[in-house]
Each structure stands twice: as C-alpha cells, then as structure tokens.
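A short worksheet on the structure shown next.
Each chain gets a letter, A, B and so on, in the order the sequences are listed, and its residues count up from 1.
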Number of protein chains: 2
Amino acid sequence: MSPEEVERIAQGTRELHLARGDVLFQRGDHCTGFHVVIHGKVKLALISPQGLEKVLEIIDPGQSFGEAVMFMGKPYPVYAQALTDSLALHINKNVIVGGIESDPAFCRKMLAGLSIRLHRMIQNVESLSLRSSEQRVIDYLLHDLEEIKNGQDVHISLSANKNVIASNLNITPETFSRILHNLSDAGLIHVEGKDVCIKDVSKLRTYDK
Amino acid sequence: MSPEEVERIAQGTRELHLARGDVLFQRGDHCTGFHVVIHGKVKLALISPQGLEKVLEIIDPGQSFGEAVMFMGKPYPVYAQALTDSLALHINKNVIVGGIESDPAFCRKMLAGLSIRLHRMIQNVESLSLRSSEQRVIDYLLHDLEEIKNGQDVHISLSANKNVIASNLNITPETFSRILHNLSDAGLIHVEGKDVCIKDVSKLRTYDK
DNA sequence: TGGTCAACTTGATTCCGGTCAAGGCAAGAA
DNA sequence: TTCTTGCCTTGACCGGAATCAAGTTGACCA
C-alpha cells in the first residue's frame, strides 16, 4: 500500500480497548466496518435457539474478521466477543469501499481474503460432516504443522480455554478431555494444562483408534 | 453490464454439454474459471478418505459456482458432478480478472457474490452444529419459503434424488426417509415421490418432535 | 413376461458422543 | 487457613442417528 493509502485508512480507523467478555457486535447488528485484532483473542460464535454455543473461529493477533459482511448488505450472522483483554482496530466501511473504487489491486486483495475465508469455512463443513470427533481433535493438534517434524517432540500451546476449543471443534468439553486422555494413554501426546507435547507427529497423523 | 462488457466475457466463454454423472472438475484440479448452470443440475461435493460423500451444494439453473476458487490461487476444494444431463457455461478466469481491473462496480458485485456464498457456508455450519437432523429436514422443506403462507397447502418438488438431498443435509437416506415418514404421520406433510405437500406451514415451522 | 437395477423404505441393532452428576485442583478473596 | 469460583476431569448412563440387513417399488430393457 502507498503511504497515502495507509493515511487514508488510518483516518477511518479507531482503537477498541476490550475487557475480557466484551462483545464487539451481536448477531444481527448492522455492519459498519471490519476489525483487526492487535493483541488478545476474539471469538466469533453462534448461539442456537436453545442457548447452545458454537465457536466458529478464534481470532489471533494480526488477523482480521468481519470483512465479508461489509459487502453483503446483511447484518452480522455471528457475534464477536473478547476472550481476553484485547486491543482491536475498527476500520470504517467507507474507507474500504473507497479503496476498491480507486485501486484494483486492493480489490483483488479483498477478493483473495474473502476466498480464503470461504475456503476455511468449507474445511469447517468438511471436518464437521466427514470426520469423527477424535479426528477433529487430531486435526486441530496437527493444525498448521505442515513441515515434516517426524521423530521430534513438538510443543504447542492451546490458544484458548479448553471449553472454547471444544466448542470450536464441535464437541463437549467432556469429550475433548476424554480424547486428549486417550491420545495420552496411547503415548502420542503429553498434556499439561494448556501445553501439549506431541511425542510422535507421524503416528498421530495416521492414528486410527 | 455494458454491451461491450458482455461481448468481452462471451469471448472467454464456452459451453459444456454434460451427461449425467460427468465430472466438471475434481478436487485438487487447477481452477481456470467459473461455471454457470444453464439447465440441469450440478452438485458440489466432498469425499472423505473413507469414501463417504458429503454434498455441499446443489446448483440449479441460473446459478454460478466456483468463483471463489478463482481468486484464491488454490486448487478446487470440492469436486463438481452433473446430477442430470446438463448444459453449463465455463467463463474464463482472465476475462473476469480483466473486468475487475477496469470496472469497480463489477468488482463490488464479485465481492458481494462471494460474501453471499460465505454467508451460506456459515449457515451450513450453523445447521450442522446446532440443529438436529429433524430440524435440518424441516429447514430444508421450508427453505426459501419466507412469505407467510399459513393455512394453505404448499407444494414443493425435491430438487434431486433423496440420497443426494440426505447427503446435503448430512444424514443417511434411511434417516431422511424416517423423518419424512414421521412428519407425514404427524399430518404436517404429504410425500409422493419427489413431490412434497406441506399441509401446515406454520405448524411445521414450530414443530418440535 | 420376466429380469435387472436403482431408488427408496422399514426394521433390528449398535455405538459415538452427549448429558448428568460428582469431584479435583489451582488461584484469589476473606 | 478456609471458602469461593472457574476450569477441567472422570464416571455412569442415555439417546439420536448410523449401520446392517431385508424387503418393496418402479423404470427400463431383453
């Protein structure tokens, strides 16, 4: 982006200082722009008529969310809540629409961003419909661990409370706990609080009950 | 769109005459453009490692698909197969990219289209994670039936074979059959082959086992 | 006329994962 | 210290939907 572009966007941006539990927007709210998380964590979630919650996504620092809704002229289909004390930016819709008018490259970037998001949702549907809860947990653990790290211990840190992750994986906290326990018994992982150590990546990857 | 726009796009378009069962693209194929169904039906689906199929979407005449993948630089995450003998158009990627460069309004339309698709996938995830199989079937029957038609019989026609619809709703054909039977017993619908008659829309809408 | 095949239904059984209930444990407050 | 409170684990039990198996029906073809 050019310096003047940055400046123009900065004009339409404001900081949001969030305490844990603060709601950025409710489902059904009118969309006035999109958000970027600077630090902390934010969750996007749905609530069923019966009050059950499903966490769609956990937004980490550096990630944005809500772009898609801007272009749709529809209200938010999800609600957003800070999981921890957080700092986020709110970038005004107008600034972006302006950018699209004037800058095809910017437009392509927005299209690419949206496409990636759609792709993630397809993967979400795929894992919900075609994979067992155990497979979903394993997928989560192996998550962005593409490089071959066989034979080495890999340490990862759970990005949120276990009940939030469980909801994201569409299982209950009880089931999540039990599955981690099983994998632990099988010698594939070692769990200590939020820290998980994968003892054998390749075995975990091909684990089948 | 201006006449010259139409002409330009027509240049990059070719017709695809499809027999039932023909595959338009496989998961993993490189994307060269997007498709519009003129007549017939096309399904977008996933296959699990175990060979189970999940139908993501059934594309009816007039609808397009595959736009999202164009902007992503990734291969298709799903495969597409004709459900019936069909005619489809393939619109070349280059034509669209050109349109984005030159026409901000066109770009906005693409963004809006993508957003709607994303919105649909979110609804898909919502129904998979928060609704029972029976509720999903009812949602499907009430589908695009927003107008208040209480007190009147509403006739709808299943858009595909029941096993395809079942897969789309993420249930087995057996379960689908049983649920339709139950709703029939409850006097809410009447089923005859692919034709379903909803006897009482408002009761069906609020039906709760 | 019967044969074959796909689509669908129905019944019996199984099992994955949810629900309910109880308890552990660490951190902070009184 | 003891009492919360939130988070997590564990066990017992249950139920919704899948699976397995056996028909039924209708369309098309030999």
**Message:** Whether the side chain of Arg178(B) and the base of dG16(D) hold a donor-acceptor pair under 3.5 Å is what I'd like checked.
**Reply:** no
**Message:** Below the 4.0 Å mark, does dT9(D) have OP1 or OP2 next to a side-chain nitrogen or oxygen of His181(A)?
**Reply:** no
**Asked** Closer than 4.0 Å, any side-chain N/O of Lys162(B) to the OP1 or OP2 of dT9(C)?
**Response** yes
**Item:** Spacing between Ile179(A) atom CD1 and dC8(D) atom P, to the nearest angstrom
**Value:** 16 Å
**Under-4.0 Å side-chain N/O to phosphate OP1/OP2 contact, Ser133(B) with dA17(D)** = yes
**Prompt:** Side-chain donor or acceptor of Glu134(A) under 3.5 Å from a matching atom on the base of dC16(C)?
**Reply:** no
**Asked** Looking at OG of Ser159(A) and CD1 of Ile165(A), how far apart are the two atoms once the value is rounded to the nearest 0.5 Å?
**Response** 4.5 Å
**Request:** Whole angstrom is fine here: how far is it from CZ in Phe176(B) over to C1' in dT10(C)?
**Result:** 16 Å
**N or O in side chain of Thr175(A) less than 4.0 angstrom from dG18(C) OP1/OP2** = yes
**Prompt:** Closest nucleotide of DNA chain C for Arg20(B) versus for Arg131(A): which of these residues is on the 5' side?
**Reply:** Arg20(B)
**Message:** Output the rounded distance in Å from CD (Glu174(A)) to P (dC16(C)).
**Reply:** 18 Å
**Asked** Would one find a side-chain N or O of Thr172(B) under 4.0 angstrom from OP1 or OP2 of dA18(D)?
**Response** yes
**Prompt:** Please give, in whole Å, the distance from dC8(C) C1' to Ile165(B) CD1?
**Reply:** 13 Å
**Asked** Taking atom P of dG16(D) as reference, at what distance in whole Å does atom CG of Asn182(B) sit?
**Response** 12 Å
**Between dA7(C) (C1') and Asp195(B) (CG): distance, integer Å** = 16 Å
**Prompt:** Does Asp85(B) pair with Arg20(B) as a salt bridge, N-O distance under 4.0 Å?
**Reply:** no
**Request:** With sequence neighbours excluded, tell me which residues meet disulfide (SG to SG under 2.5 Å) with Cys107(B).
**Result:** Cys107(A)
**Prompt:** Do Arg117(A) and Leu118(B) have side-chain heavy atoms sitting under 4.5 Å apart?
**Reply:** yes
**Prompt:** Of all residues at least two apart in sequence or in a different chain, which pass the side-chain contact (heavy atoms from CB on, under 4.5 Å) check with Val78(B)?
**Reply:** Ile122(A), Phe25(B), Leu44(B), Leu46(B), Leu56(B)
**Asked** Just how far, in rounded Å, is C1' of dG16(D) from CD1 of Ile171(A)?
**Response** 18 Å
**Interatomic distance, Leu52(B) CG vs dA18(D) P [rounded to whole Å]** = 11 Å
